[in-house]
Number of protein chains: 2
Amino acid sequence: MHKQEVTIYDVAREAKVSMATVSRVVNGNSNVRKETRERVEEVIKRLHYQPNAVAQGLASKRTTTVGLIVPELTNLYFAELSKGIDDIALLYKYNIIITSIENRLMKEDQVIQGLLNKQVDGVIYMSNKLTDEAAEAFKRTSTPVVLAGTKDNRLDFPSVTINYHKADTEALNLLLNDGKKNLGLVLGDAEAVVNSEHRIPAYREFLADHDMEEHLYTGVYDYSDGYNLYPKLIKDGVDGIIVTGDNSSVGILNAAVDSGAKVPEDFEIITASATQIASVVRPALTAVKQPLYDIGAVAMRMLTKLMNNEEVEDLHIELPYELVKKQSTINR
Amino acid sequence: MHKQEVTIYDVAREAKVSMATVSRVVNGNSNVRKETRERVEEVIKRLHYQPNAVAQGLASKRTTTVGLIVPELTNLYFAELSKGIDDIALLYKYNIIITSIENRLMKEDQVIQGLLNKQVDGVIYMSNKLTDEAAEAFKRTSTPVVLAGTKDNRLDFPSVTINYHKADTEALNLLLNDGKKNLGLVLGDAEAVVNSEHRIPAYREFLADHDMEEHLYTGVYDYSDGYNLYPKLIKDGVDGIIVTGDNSSVGILNAAVDSGAKVPEDFEIITASATQIASVVRPALTAVKQPLYDIGAVAMRMLTKLMNNEEVEDLHIELPYELVKKQSTINR
DNA sequence: CTGAAAGCGCTAACAT
DNA sequence: ATGTTAGCGCTTTCAG
């Protein structure tokens, strides 16, 4: 397996310089005479020399690779975040090792350890919930970590999010103003910090302020969870809901439509994390439009600073969201 | 930046063996006495030793990392393929470096060269079209490459696909049997081998066999392309179409629905690469259901064999597809 | 501005 | 079964 035909040494010999000089040329070090540089560059081109990034990584202790930890690959929410990350990573010449943690073949801390063993320069963690094992693994390392779309109360990892409390309150107000009386909140994991510390408190405060009854549904993760939940919502008399998952919100919507319910007249739905899917269903879903691309991009940008030991003014960035009215709420 | 606290050398000293023995233990080499192994393992655990994968990679010339080249991150078609790849990669303990080529900041061959410089052990390329520059880059290297969901006629790279010709013919027959008279084919890139060598020929043969008029639309890539195409379809008198992109098929569907057309009575749609999105829209789309997860999984499995120089009986695997009738064609 | 030399942490013959 | 010894290809002082 003679992958590497031509090494830095070959270039050095051919250009009649030392490998140190070739290394300088490759790395854009300015301490090289113009003529020398040009001679080396000519040889590099002629020999089709390409630096071995693994050797560079070992010698320099920087791999220009970051790890991405994502709960599911086939979820547009994470895909849109990832795209923001990817674009900025490309800009700063980092590669991305992506690892999903949905497969139970390997525990989450093992996945993270595997990433750290590969000497990634940094990690971006996306998920509604920072699990204990992940937190443990992260705090054992000096590798910088940024949370995208999640917060953590215990360990204060850098994060990029929106203001969930404010967003949900605004969405609840929309339902209230549309005349809905029994407002529900549909969540995935109730333990997730975003839910337990932000969304649920916002919901309860709202209920208290308006003297309303609580209709909290947890453990609703995907399309079919949402679809199956719908009859229960109706039985409970709920007429307006905020759904934190995009797929589950579409499940609920389709269950409503398929059962002949009138949306939004009888039943209103607001999705709290809109992806493309929210706008292609009919009726299109009114949504809290999180700037997913930007969250990813800002998180990655922050990570580049952390990896370079640059000053980072604010380690907890909240980006603006937008409440976009579509057809699943009364439009006026 | 003293990331690596404890090295193989520390373990060796502490366990009073040579680093070679520690290496053997770490790599599961059987040539180690049981007691020695246990002593070393105890030290490894006590010192929290973790092997540096970069150093392993440099010394062994194997990085247990594969590169994934995907046209778009935010497209469920590729996400579902990726999930199949990811699961098998995890099983065989490979990490994945994912690179999208939608960002024009870097040319495709540069992206590929970057992957090769990182010494990936193999590459999986997904896209309807293997571009010239990609093909050039691949043929310069000895690193194995597998195409997932694409074929190539020039260079005969290993591939995993379905039989597009057969699938499209079957879909066209369905439209015909539903009484549709003017059948259209809506594509993205007409130059893509899958289209130029498989889908278009299948379409033309079908038209010839049934003495029908051609309605071929190319350059239709995303949702809005599809949405905007609809009026033209109607003007052209098309009453049944096969759409190769899932997002564009939904665009066409919504344009039809929004304009009050009756689907499937007046207009039938079959999507030729169904993802989750095809089943959540209403009416749900009749689809050629490609086994995307399996295509990814089989491609990755094939790649593991290639990377280990194992025998691969068939380098061009075609997996079975399924024509799933939903609501965008007449159901009977 | 350039070169010499010492590693980075590990694997893989080759000995013993 | 275990140790010794070269590297893998590159970066990075340190000299000059």
Side-chain angles (χ1 to χ4, degrees), chain A residues 1-41 43-44 47-65 114 116-121, chain B residues 1-41 43-44 47-65 113-114 116-121 142:
Chain A
M1 186 173 283
H2 57 108
K3 251 177 203 167
Q4 187 95 14
E5 327 76 30
V6 32
T7 73
I8 199 172
Y9 188 76
D10 299 318
V11 176
R13 189 165 20 75
E14 188 76 12
K16 301 195 193 324
V17 294
S18 71
M19 34 185 306
T21 299
V22 178
S23 176
R24 289 190 186 97
V25 172
V26 169
N27 294 297
N29 186 315
S30 59
N31 278 352
V32 182
R33 192 155 40 105
K34 185 154 175 273
E35 301 144 47
T36 312
R37 168 182 307 283
E38 284 167 354
R39 185 153 37 91
V40 171
E41 280 170 345
V43 174
I44 286 178
L47 264 45
H48 297 296
Y49 167 70
Q50 293 289 145
N52 180 323
V54 174
Q56 289 179 315
L58 182 59
S60 69
K61 297 181 166 304
R62 303 187 73 253
T63 56
T64 60
T65 303
L116 297 175
N117 292 352
K118 292 251 161 137
Q119 311 301 117
V120 294
D121 296 335
Chain B
M1 187 172 285
H2 57 106
K3 251 179 204 166
Q4 187 95 13
E5 325 79 27
V6 30
T7 72
I8 200 172
Y9 188 74
D10 299 319
V11 176
R13 189 166 18 75
E14 188 76 11
K16 300 196 194 322
V17 294
S18 73
M19 38 185 302
T21 299
V22 178
S23 176
R24 290 190 185 97
V25 171
V26 168
N27 294 297
N29 186 314
S30 59
N31 278 353
V32 182
R33 192 152 42 104
K34 185 154 177 273
E35 302 143 47
T36 313
R37 168 181 307 284
E38 285 166 355
R39 186 152 37 92
V40 171
E41 281 169 344
V43 174
I44 286 177
L47 264 45
H48 297 295
Y49 167 70
Q50 293 290 146
N52 179 324
V54 173
Q56 290 179 314
L58 183 58
S60 69
K61 298 182 165 301
R62 305 188 73 253
T63 55
T64 60
T65 303
Q113 190 58 60
L116 296 175
N117 291 352
K118 292 251 162 137
Q119 312 300 119
V120 293
D121 296 334
S142 62

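Convention: sequence-line order gives letters A, B, ...; per-chain numbering from 1. Worth saying up front: this structure is predicted, and the values here are computed from it rather than measured.
Atom CZ of R62(A) and atom P of dT12(D) are 9 Å apart (whole Å). We find that OH of Y9(B) is positioned 12 Å from C1' of dG3(D), with the value rounded to whole Å. Here the C1' atom of nucleotide dT11(D) and the CG atom of N117(B) are 16 Å apart, to the nearest Å. Whole-Å rounding puts the I8(A) CD1 to dG3(C) P distance at 12 Å. Rounding to whole angstrom units, CG of residue L116(A) and P of dG9(C) are separated by 16 Å.
Direction change of the helix axis from one end of the helix from dC1(C)-dG16(D) to dT16(C)-dA1(D) to the other is 30°, with five pairs defining each end axis (rounded to 10°).
Proximity of T21(A) to the phosphate of dG3(C): a side-chain N or O atom is located under 4.0 Å from OP1 or OP2. Within the structure, every side-chain polar atom (N or O) of S23(A) is placed at least 4.0 Å from both OP1 and OP2 of dC10(D). Side-chain nitrogen and oxygen atoms of Y49(A) include at least one within less than 4.0 Å of the OP1 or OP2 phosphate oxygen of dC10(D). When the side-chain nitrogen and oxygen atoms of S60(A) are compared with OP1 and OP2 of dT11(D), none of them lie within a distance under 4.0 Å. OP1 or OP2 of dG9(C) lies within a sub-4.0 Å distance of a side-chain N or O belonging to K61(A). When the side-chain nitrogen and oxygen atoms of R24(B) are compared with OP1 and OP2 of dA1(D), none of them lie within a distance under 4.0 Å. Taking 4.0 angstrom as the limit, T36(A) places a side-chain polar atom (N or O) nearer than this to OP1 or OP2 of dT2(C).
Heavy-atom nearest nucleotides on DNA chain C were determined for R37(A) and for A20(B), and the one closer to the 5' end corresponds to R37(A). When the nearest nucleotides of DNA chain D are assigned to G57(A) and N31(B) by heavy-atom distance, the more 5′-ward of the two goes with N31(B).
Ranking dC10(C), dG9(D), dT2(D) by closeness to the L58(B) side chain, first place goes to dG9(D). Of the candidates dT11(D), dT4(D), dG9(D), dG9(D) carries the atom nearest the T7(A) side chain, counting heavy atoms from C-beta on. Of the candidate nucleotides dG9(C), dT2(C), dT11(D), dG9(C) has the atom lying nearest to any side-chain atom of N52(B). Listed nucleotides dT11(C), dT2(D), dG3(C) differ in distance to Q56(B); the shortest reach to its side chain belongs to dT11(C). In this structure, of dG7(C), dG3(C), dT11(C), it is dG3(C) that holds the atom nearest to the side chain of V17(A). For A55(B), whose side chain is taken as the heavy atoms from C-beta onward, the closest listed nucleotide among dT2(D), dC10(C), dG9(D) is dC10(C). In the set dG3(C), dC10(D), dT11(C), dT11(C) carries the atom at the smallest distance from any side-chain atom of N27(B).
The backbone N or O of N31(B) lies less than 3.5 Å from a partner atom in the side chain of N29(B), making a donor-acceptor pair. Checking side-chain atoms of K118(A) against main-chain N and O of T63(B) turns up a donor-acceptor pair under 3.5 Å.
Using a 4.5 Å cut-off on side-chain heavy atoms (C-beta onward), T36(B) and V25(B) make no contact. Side-chain atoms of Q56(B) and N27(B), non-hydrogen and from C-beta on, do get closer than 4.5 Å to each other.
The minimum heavy-atom distance linking Q50(B) with N117(A) is given by the pair NE2-ND2, 3.0 Å. When all heavy atoms of A55(B) and L58(A) are compared, the pair lying nearest together is CB-CD1, 3.7 Å. Nearest heavy atoms, D121(A) versus T64(A): OD2-N, 2.7 Å. G57(A) and V54(B) get closest at one heavy-atom pair: C-CG1, 4.0 Å.
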